[in-house]
Amino acid sequence: MALPSQLGFQDAGSPLMEELLHFHDHALMVVFLISTMVLYIIVAMVTAKLTDKLVLDSQEIEIIWTVLPAIILILIALPSLRILYLMDEINDPHLTIKALGHQWYWSYEYTDYEDLGFDSYMIPTHDLTPGQFRLLEADHRMVIPTESPARVLISAEDVLHSWAVPALGIKADAVPGRLNQTTFIVNRPGVFYGQCSEICGANHSFMPIVVEAIPLEHFENWTSLMSEET
Amino acid sequence: MSETIDEKLKNYRTAPFDARFPNTNQTRNCYQNYLDYHRCNKALAAKDQDQTPCQWYMRVYKSLCPMSWVSCGTSALIVQS
């Protein structure tokens with residue numbers, strides 16, 4: 001989850017998010033280097049006592065400051081396109097979960113084998129137990145097995161919502177009448193938080209998403225438990 | 001196909017990748033399988049044949065389609081697509 005005064009991304013929970021993180025570090029470093037260089041030149045120009053009024057043109061520097069930016073842009077574009085195509089790779093999911101947005105909660109459906117569906121409401125602040133996170137916890141989490149490619153189909157039952165989990169690098173709009181597909185693999189067991197990312201009314205800020213990744217054996221126990229409960 | 005339909009149904013995990021619907025919008029995928037299931041049932045029933053092969057389409061549309069779309073009946077799915 002996000003921490004107070006956090007500057008960077010959350011720790012990645014999926015391979016795609018790891019790639020995005022590393023690419024962001026790379027692109028940001030390029031940006032910092034260019035900005036530092038430009039700032040240095042500005043300061044040097046402003047504080048210099050010498051002035052030369054007769055500088056007209058210079059082929060050499062013109063070539064350098066055309067070719068170098070082109071090379072830098074290629075160095076940014078290549079990893080970026082690599083990740084873009086990686087996101088569209090065809091993968092064969094092991095399970096399908098539907099996440100449906102309502103005003104103002106999410107409902108999850110696991111219907112590969114039997115009709116398992118449940119609602120996920122935010123836990124109100126006055127009902128939190130010590131250690132739980134304000135405005136992020138939900139009464140029922142979307143549980144998923146680790147290391148298994150999963151397909152999530154996102155839709156909405158009333159107005160637009162958006163299903164987002166930053167640690168897994170996922171965000172997809174929940175549009176009524178449409179099924180948006182996103183696939184991912186969770187690397188490690190853990191709990192990953194997200195919040196509704198499309199304005200949907202009074203309690204838009206109070207319908208969080210909680211994804212809990214557990215090993216496959218425990219996932220099977222959980223599905224049996226949930227089927228009995230519902 | 002090297003697998004028989006019974007083996008395929010027994011080994012069913014979830015709806016496999018369908019090359020007809022490679023993009024993000026899977027609405028049509030859900031609707032197509034729903035239609036295919038009912039058409040398959042109708043066609044095989046008309047010929048008095050076993051309707052087991054149609055179970056594949058049922059498993060796929062159950063995996064893909066939200067329960068509320070299906071429980072409302074065909075009209076809800078037509079509207080959605």
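The model shown is predicted, which means the values in this text are computed figures rather than measured ones. Below, each value reflects all heavy atoms present in this structure, side chains not excepted, and no hydrogens, waters or symmetry copies. Protein chains get the first letters and strands the later ones, always in sequence-line order, with residue 1 at the start of each.
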Inset, instruction - Report, by ascending residue number, the residues of residues 50-60 of chain B in heavy-atom contact with chain A at a distance under 4.5 Å; give 'none' if the set is empty. - result: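 Heavy-atom contacts from residues 50-60 of chain B to chain A are B/R59.
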Legend entry - Part of residues 13-23 of chain B lying next to chain A, heavy-atom separation under 4.5 Å: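 Only B/R13, B/T14, B/A15, B/P16, B/F17, B/N23 of residues 13-23 of chain B have a heavy atom under 4.5 Å from chain A.
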Legend entry - Heavy-atom pair count under 4.5 Å with chain B, highest-scoring of A/D92, A/D88, A/I90: A/I90
If you round to the nearest 0.5 Å, how far is [atom2] of [Y] from [atom1] of [X]?
X: B/T24; Y: A/R178; atom1: OG1; atom2: CZ; result: 7.0 Å
X: B/S68; Y: A/K98; atom1: OG; atom2: NZ; result: 9.0 Å
X: A/Q181; Y: B/T27; atom1: CD; atom2: OG1; result: 10.5 Å
X: B/Y31; Y: A/L179; atom1: OH; atom2: CG; result: 14.0 Å

Legend entry - Sequence neighbours excluded - side-chain hydrogen bond (donor to acceptor under 3.5 Å, both in side chains) pairs with any residue from residues 204-220 of chain A: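 Every pair satisfying side-chain hydrogen bond (donor to acceptor under 3.5 Å, both in side chains) with a residue in residues 204-220 of chain A: A/R141-A/E212.
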Check whether any side-chain N or O of [X] sits under 3.5 Å from a backbone N or O of [Y] as a donor-acceptor pair, and report yes or no.
X: A/T111; Y: B/K62; answer: yes
X: B/Q26; Y: A/L153; answer: no
X: A/Y113; Y: B/Y12; answer: yes

Legend entry - Any pair counted as salt bridge (Lys or Arg N to Asp or Glu O under 4.0 Å), so long as it reaches residues 184-195 of chain A, sequence neighbours left out: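 Found none.
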Legend entry - Part of A/S155 within contact of chain B (heavy atom distance under 4.5 Å):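 Looking at A/S155, just its side chain touches chain B.
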